[in-house]
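Convention: sequence-line order gives letters A, B, ...; per-chain numbering from 1. If you're wondering where the values come from, they're calculated on a predicted model, not measured in any experiment.
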Amino acid sequence: MSTSEVSASGAAPERARPGRKSKEISLEEAGRIVAQARVIHLMNSAMALVRAAIRARARGLTVIPQVTSSLSVDLLVAAGCVEKLYISYIGFESLGFAPAFRRAAEDKRIEIVEADEAFLMLGTRAAAGGMPYVPIRHVYEATDLPRLNPLLKKARDPFSGEDVYAVPPLAGDVCLVHAQECDVHGNAQVWAGNQQEIDKAMASRLVIVSAERIVPVDRTRENVEKVTLPGYLVHGVVHAPFGAHPLVCARHYEPDTAHLQAYFDAHAKGQVGDYLERYVHGCRDEADYLERVGVRQVMGLMRNV
Amino acid sequence: MARPADTGTERYSMAELMAVEMSRNLAADDGTLGGVGGGATIPMAAVRLATLTVAPNLWWFCGGSAAINPVFSELPLTAHDPRAFVGAEARVPMQRTVDMGMRGTLWGWGFNGGMQMDKFGNCNMIGIGPYERLKVRGPGTVGTLWTASMTKYYLYFWHHNPRVFVDKVDFISSPGFLQGGDSRWKSCRPGSLGPALVYTPMCVMDFEEGSHRLRLRSVNPGYDAADVVAATGCELVVPVQPARTASPSEAELQLLFTQVDRNRVLKHYRLTAG
C-alpha cells in the first residue's frame, strides 16, 4: 500500500468535494475591499494587505490595531488613509516612536481614541461575543483615561452595586490578518504571537487572510492543532509571500531593520512621500515591491528563524 | 544635554549593571509569576539571568511573544522578536493576559515604565503638554494600567533627567502612589502594593514607608548622590549616607555574556544620564 494514500492522522485524505469553492482572491481585490470599508481590525504583520489598501486609495478609515502595533498603523497614517485611530501602543519599542502617527496626532490630523490593552481586547471580545459592553474595575479609576476617552462610561454593577467602567463593543467591517499558512478555504495558521486574530476576526463582518504559503486542505488536516482561525470566519485568502515584510514573520524571516531604518530616515528628512512612491504607490504588485527591496536583502532575513 | 550613561569601567555597561541589579532583587519573587512588556530588553535580560541565579522557580511572561519561561541566549530586541519565544514552556493568548491583569492577583510582579514619572511613582505614556495641544504625543498606555491591579511592580527608565522625573506628570496612565500616603488604595485594587523599586541609568530608588515619597536607595557606579539630585526634577528623599549599587560579580557577568545576551546587545544599549 502506498503511504501517500494515508495522511498523518491515519485517515484517508478526502479526494475532492464537488462544488467546494476556493476563497482565494488577488491582493488588488483585497485592497479594494479595504478601500470600501470604514472600520478595520488590523493585525500588525498584515503589511502586504496594508500596502494593497494604500494602493487602492483607502481613505477615512477607522483603525482598531493590535494592542502593540508599529508599521502597519504608521504606514496607513503616513499615506493619509486614517481618520480615527484606537490606540493602546503605536511605536517601535527600543527603535523609537512611530513617526507618522506621532506627527499626525500632534498636528491633530487624526482623531485618537485613548485606549489601552483592556479597552481594545475586551471591546473586541464584546463585539466578537455579541455583548453590549464589558465592565471593568480597579483599572481606570486612578488614571486619566476616563477623562480622555469618552467611550469609557461609568456604570453600576447590578450585583455588587459598585461603580464600574463599561467598554463598548468594537466591531469592524474588515479584519486583516497575515498567516504563515492558509488553505483556500480560509483555515489559517498564525504561528507565534498571542492570538489576537481570533477575536478580531469574530468582531468583523469580513475577514481577509494573507499567507506566506497557500497549502492544500490536507495539510491543514495534518496540522489541525496549529490552525488558529477556522475558515468559516474567513472571506478572502491572498497568497502573499513576505507579506509581513519589513516586520517579522515567525519561522520565516526576521524583521528588516535596515529597511525600517530607511523608513525612519525618510521621515526624518521629510521624504516619506518618496518612500511611499518607491515602495507602495510605484509598485505594480508585491513582486515588484520585493524586487525594489532586493532579493539579497530578503534572502538575508531568512536566518535564525 | 543628555549624555550616554557611563559606569566608568570597561567590564560592564550601564545596561548590564542595571540588568544584574534587577536580577538580584527578583530573589524576593522566586516562585511567583511575573512579566515584562514592550521595550523591556533590560528587564528581559534581568529575569532570564535571575532564573539562572537567585530565582530558579520564577514563572515569567515575555511580553508580546506570549512566551512563558523562554530560555533564549540571544537577547530579544522587542517583545515580538521570535527570539523571545525560544524554549518557551507555554504560550498565553492575549485574552488570558488581560484576564490576569483584570484580576491582578496572579501577577506577582512586573516591569513598567513611562515617558514621565513623579515623586509618587505615577507614570505617563500618553504625552507631554495639554491633551488638546500635545507637544510630544506618546506611544500610548499599553498594559501600564495593570499597575493598578498587579501585586507589585518595578519601574525602569532609559533616561534620567529632569524632563523624565517631574514634579507632576502631565497624565497618569500608570498609577503609583497617586498623591502619596494611602491615597493609592482609594481607587486601586486592595492588595496591589504599588511600585517597589525604580531603576535608572544613575541609581536605584524606592519609596519611603508611610509617605510613599520617592527615595534614593543606591547610586550607580560613575555617579554620586549630588549628580542624581541634579538630574531629578522632583523631590527626592536622600539618605544621609546613600549606598552604592553593588557591582556585578564575575560569575553574574559570565552568565549574562554567555547564556543571556551572547550578542552583547546590552553592551551598546543607549541610556542617558543628566
Side-chain angles (χ1 to χ4, degrees), chain A residues 44-45 66-70 87-98 101-108 112 114-122 124-125 136-145 147-148 191-196 198-199 228 247-251 254-255 257 304-305, chain B residues 37-41 63-67 74 77-83 85 91-95 97-98 101-102 104 122 124-127 131-146 148-149 158 170-175 178 183-184 186-190 192 269-270:
Chain A
N44 196 44
S45 59
Q66 270 188 259
V67 295
T68 54
S69 291
S70 59
I87 75 160
S88 156
Y89 176 92
I90 314 287
F92 291 83
E93 302 189 35
S94 308
L95 296 177
F97 284 105
F101 156 69
R102 182 181 164 183
R103 179 64 61 81
E106 289 169 2
D107 295 349
K108 318 283 310 163
I112 301 282
E114 196 70 51
D116 72 309
E117 281 183 1
F119 188 94
L120 291 193
M121 292 298 301
L122 294 169
T124 303
R125 185 83 269 284
I136 298 181
R137 255 184 88 195
H138 292 317
V139 178
Y140 295 113
E141 290 85 342
T143 76
D144 279 316
L145 260 71
R147 181 167 69 79
L148 304 179
W191 302 346
N194 53 24
Q195 299 167 18
Q196 291 175 54
I198 180 75
D199 279 350
T228 55
L247 303 179
V248 63
C249 186
R251 305 230 185 259
E254 293 191 297
T257 47
N304 305 318
V305 286
Chain B
T41 314
S65 72
E74 288 179 23
L77 292 177
T78 71
H80 295 96
D81 188 325
R83 276 174 284 212
F85 203 75
R91 176 157 79 128
V92 182
M94 190 63 208
Q95 290 85 343
T97 307
V98 168
M102 302 282 284
N122 303 305
N124 167 22
M125 288 280 277
I126 292 170
Y131 195 67
E132 291 310 312
R133 295 181 310 281
L134 286 176
K135 197 153 64 103
V136 180
R137 169 67 234 194
T141 61
V142 219
T144 58
L145 279 73
W146 302 131
S149 63
W158 296 330
D170 290 346
F171 306 96
I172 296 180
S173 56
S174 161
L178 296 180
S183 58
R184 171 180 173 85
K186 291 195 180 87
S187 47
C188 295
R189 185 179 71 78
S192 175
Y269 204 73
R270 187 173 178 275

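No side-chain donor-acceptor contact under 3.5 Å links A:R102 to the backbone of B:P139.
Within the 4.5 angstrom heavy-atom criterion, atoms from both the backbone and the side chain of B:L145 approach chain A. For a residue to count as touching a neighbouring chain, one of its non-hydrogen atoms must lie under 4.5 Å from one of that chain's; by this rule A:A98 does not touch chain B. B:R91 touches chain A through its side chain: at least one heavy atom from C-beta onward sits under 4.5 Å away, while N, CA, C and O do not. At a 4.5 Å heavy-atom cutoff, the contact between A:V248 and chain B is made by side-chain atoms alone. Only the backbone of B:K135 comes within less than 4.5 Å of a heavy atom of chain A; no side-chain atom from C-beta onward does. For B:S65, the part lying near chain A is the backbone, with the side chain staying farther off; criterion is any non-hydrogen pair under 4.5 Å. Neither the backbone nor the side chain of A:L247 has a heavy atom closer than 4.5 Å to any heavy atom of chain B. Using a 4.5 Å cut-off between heavy atoms, A:D107 makes no contact with chain B at all. Of the two parts of A:R103, neither the backbone nor the side chain holds a non-hydrogen atom closer than 4.5 Å to a non-hydrogen atom of chain B. Proximity to chain B (any heavy atom under 4.5 Å) is restricted, for A:I198, to the side chain, taken from C-beta onward.
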For this session: Go through A:K108 and B:E132 one step at a time and tell me if the side-chain contact (heavy atoms from CB on, under 4.5 Å) criterion holds.
Result: CA-CA 8 Å; A:K108 318 283 310 163; B:E132 291 310 312; 3.8 Å; yes

Problem set entry | Test log, rule side-chain contact (heavy atoms from CB on, under 4.5 Å), inputs A:E117 and B:W146 | CA-CA 9 Å; A:E117 281 183 1; B:W146 302 131; 2.7 Å; yes

For this session: Could you please spell out the steps behind the side-chain contact (heavy atoms from CB on, under 4.5 Å) verdict for A:I136 and B:M102?
Result: CA-CA 7 Å; A:I136 298 181; B:M102 302 282 284; 3.6 Å; yes

For this session: Begin with the C-alpha distance, continue with both residues' side-chain angles, and end with the deciding distance and a verdict on side-chain contact (heavy atoms from CB on, under 4.5 Å) for A:E106 and B:V136.
Result: CA-CA 7 Å; A:E106 289 169 2; B:V136 180; 4.2 Å; yes

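The greatest number of non-hydrogen atom pairs below 4.5 Å with chain B, out of A:D116, A:V67, A:L95, is found for A:D116. Of all the listed residues (A:L148, A:T68, A:L145), the one sharing the greatest number of non-hydrogen pairs under 4.5 Å with chain B is A:L148. Chosen from A:G91, A:C249, A:A142, A:A118, the residue pairing most often with chain B at heavy-atom distances under 4.5 Å is A:A142. Interface check for chain A: of the options B:V98, B:T97, B:N124, B:T41, the most heavy-atom pairs under 4.5 Å are formed by B:V98. Note: B:G39 leads B:G37, B:G39, B:A67, B:A66 in heavy-atom pairs under 4.5 Å with chain A. Interface summary for chain A: among B:V142, B:I172, B:T141, B:T144, the most heavy-atom pairs under 4.5 angstrom belong to B:V142. The candidate with the highest count of non-hydrogen atom pairs below 4.5 Å against chain A, out of B:Y131, B:F171, B:Y269, is B:Y131. In terms of heavy-atom pairs under 4.5 angstrom with chain B, the leader among A:E254, A:E141, A:Q195 is A:Q195.
Heavy-atom minimum distance, A:N194 versus B:Q95: O-OE1, 4.1 Å. Nearest heavy atom pair, residue B:S187 against residue A:H138, reads O-ND1, 3.6 Å.
Counting heavy atoms from C-beta on, the side chains of B:S173 and A:T143 never come closer than 4.5 Å. B:R137 has its side chain within reach of A:I87: a pair of non-hydrogen atoms, C-beta onward, lies under 4.5 Å apart.
Here A:S70 pairs with A:N44 under the side-chain hydrogen bond (donor to acceptor under 3.5 Å, both in side chains) rule; sequence neighbours left out.
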